[in-house]
Amino acid sequence: MRGSGKLITFEGIEGCGKTTQVDLVCRFVEKRGLPLLRTREPGGTRIGAEIRKMLLDPQNRNLADAAELLLYAADRAQHVQEEIVPALERGAVVLCDRYTDATLAYQGFGRGLDRPMIETLNRMATGGVCPALTLFIDVPVTVGLARARQRNHQDGVADTEGRFEEEAVSFHTRVREGYLALTASEPARVKRVDGNRSPEETHQQILSLIEPLLVN
Ligand code: TMP
């Protein structure tokens, strides 16, 4: 950790309900009157927003796996330096929608890239800034993908941000298995939350995990 703030990250497959849960936790932290930064990867900075467009544009179907990995690392390096470290230093609760575990799950387990190499890149990009808590919101792959595709078509973002939703079910299954493996390997930091319930029930489970961290 850096400074007196707390970095809390939210992870999961497409359509797991992360955005809704980050919204609910934001409201909770605001009500407590604590300083807050809500952010996301990729795209938490102006430069990152440019990188996000490249990464998620379905027209970039031929993006090389190594290029994809390096773009996520570049987005993260910028984000940590420009947003996350300053927020932690001013004592903020930082709620981040995806972080280093997403690269291990998607590029490592999903694409099959070398995991020790990803860990090295993660260390370089973060300068060692590690989450105090990571919430893995778990839903069955079929449930998550159905939700994500419906949402993307409703919101009209499928044409600009649909590159991962186009991946096969087997890819998303490997990503989910990756998150389960990360949960098992770092049980003190990564907590599995059941996302296949009502948003309010999921929120209550998340609050029970977050509250101890907010007590100084
Ligand atoms: P989002 O839709 O949750 O904002 O995430 C954008 C996509 O980027 C999502 O499909 C997961 C993917 N992703 C990776 O593949 N690797 C990463 O390191 C991150 C942060 C996201």
Side-chain angles (χ1 to χ4, degrees), residues 1-13 16-30 32 34-45 48 52 69 72-110 115-116 118-138 175-176 178-195 202-203 205-216:
M1 288 305 308
R2 195 80 60 91
S4 59
K6 298 273 182 327
L7 173 60
I8 300 172
T9 60
F10 293 74
E11 298 281 0
I13 62 164
C16 69
K18 276 182 297 100
T19 310
T20 306
Q21 293 304 324
V22 180
D23 284 344
L24 293 169
V25 175
C26 266
R27 260 181 258 158
F28 175 82
V29 173
E30 273 164 359
R32 286 264 179 116
L34 299 168
L36 169 70
L37 171 70
R38 184 219 172 112
T39 188
R40 68 171 177 177
E41 289 191 359
T45 61
R52 181 179 176 97
L69 170 65
Y72 279 112
D75 170 75
R76 182 162 303 130
Q78 187 66 31
H79 189 213
V80 169
Q81 178 179 301
E82 189 178 325
E83 292 286 341
I84 295 181
V85 166
L88 293 175
E89 282 175 349
R90 65 174 184 269
V93 176
V94 178
L95 303 178
C96 189
D97 190 333
R98 298 196 185 281
Y99 195 59
T100 45
D101 298 296
T103 316
L104 284 162
Y106 279 79
Q107 281 65 50
F109 288 82
R115 292 209 282 278
I118 296 174
E119 279 161 5
T120 302
L121 278 173
N122 276 344
R123 269 196 304 278
M124 180 186 174
T126 62
V129 174
C130 201
L133 174 68
T134 296
L135 299 156
F136 161 45
I137 304 174
D138 190 22
V175 172
R176 176 170 178 266
Y179 278 125
L180 287 169
L182 292 167
T183 308
S185 70
E186 277 190 76
R189 174 179 67 87
V190 187
K191 305 288 183 190
R192 179 183 170 276
V193 173
D194 184 358
T202 304
H203 178 55
Q205 191 187 351
I206 288 177
L207 281 192
S208 70
L209 294 164
I210 283 184
E211 278 202 286
L213 274 184
L214 303 183
V215 182
N216 281 316

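Given the structure is predicted, the values throughout are model-derived calculations rather than measurements.
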Correct closest heavy-atom pair for L88 and L7 would be CD2-N, 3.8 Å

Does some side-chain heavy atom of V85 sit less than 4.5 Å from a side-chain heavy atom of Q81? no

Distance check, rounded to the nearest 0.5 Å: K18 atom NZ versus I137 atom CD1? 7.5 Å

Decide yes or no for F109 and L180: does some side-chain heavy atom of the first lie under 4.5 Å from some side-chain heavy atom of the second? no

To the nearest 0.5 Å, atom OG1 of T9 lies from atom CG of D101 at 5.5 Å

Once rounded to the nearest 0.5 Å, what's the spacing between atom CD1 of I84 and atom NE2 of H79? 4.0 Å

Is the closest side-chain heavy-atom distance between R38 and D23 below 4.5 Å? yes

Shortest non-hydrogen contact between K191 and T183, atoms and distance: C-CG2, 4.4 Å

Answer yes or no: is there a side-chain heavy-atom contact under 4.5 Å between L104 and E11? no

E41 side, atom CD; Y72 side, atom OH - distance, nearest 0.5 Å: 10.0 Å

Could you report the tightest heavy-atom contact between P212 and L207, atom names first, then the distance? CD-O, 4.5 Å

Does R52 reach the main-chain N or O of P42 with its side chain, forming a donor-acceptor pair under 3.5 Å? yes

Can you tell me if CD on E83 sees more than 12 non-hydrogen neighbours from other groups inside 6.0 Å? yes

Nearest heavy-atom neighbours spanning G91 and P35: O-CG, 3.6 Å

SB check R98 D75 (cutoff 4.0 Å): no

Do L24 and Q21 come close enough that some side-chain heavy atom pair is under 4.5 Å? yes

Could you measure the distance from the OH atom of Y106 to the CG atom of L69? Nearest 0.5 Å is fine. 15.0 Å

With a 4.0 Å cut-off on N to O distance, would you call E211 and R32 a salt bridge? yes

T103 side chain to G108 backbone, donor-acceptor under 3.5 Å: no

Within this structure, what is the SG-CG distance for the pair C16 and D194, rounded to the nearest 0.5 Å? 11.5 Å

Atom of N122, atom of T100 and distance for their closest heavy-atom approach: ND2-O, 3.3 Å

Would you sort out whether F28 and L214 count as a side-chain contact (heavy atoms from CB on, under 4.5 Å), showing the intermediate values? CA-CA 11 Å; F28 175 82; L214 303 183; 3.8 Å; yes

Parallel, tilted or perpendicular: which describes the rings of Y179 and F136, with under 30° parallel and over 60° perpendicular? parallel

Nearest heavy-atom pair of K6 and A132: which atoms, and what distance? CD-CB, 4.2 Å

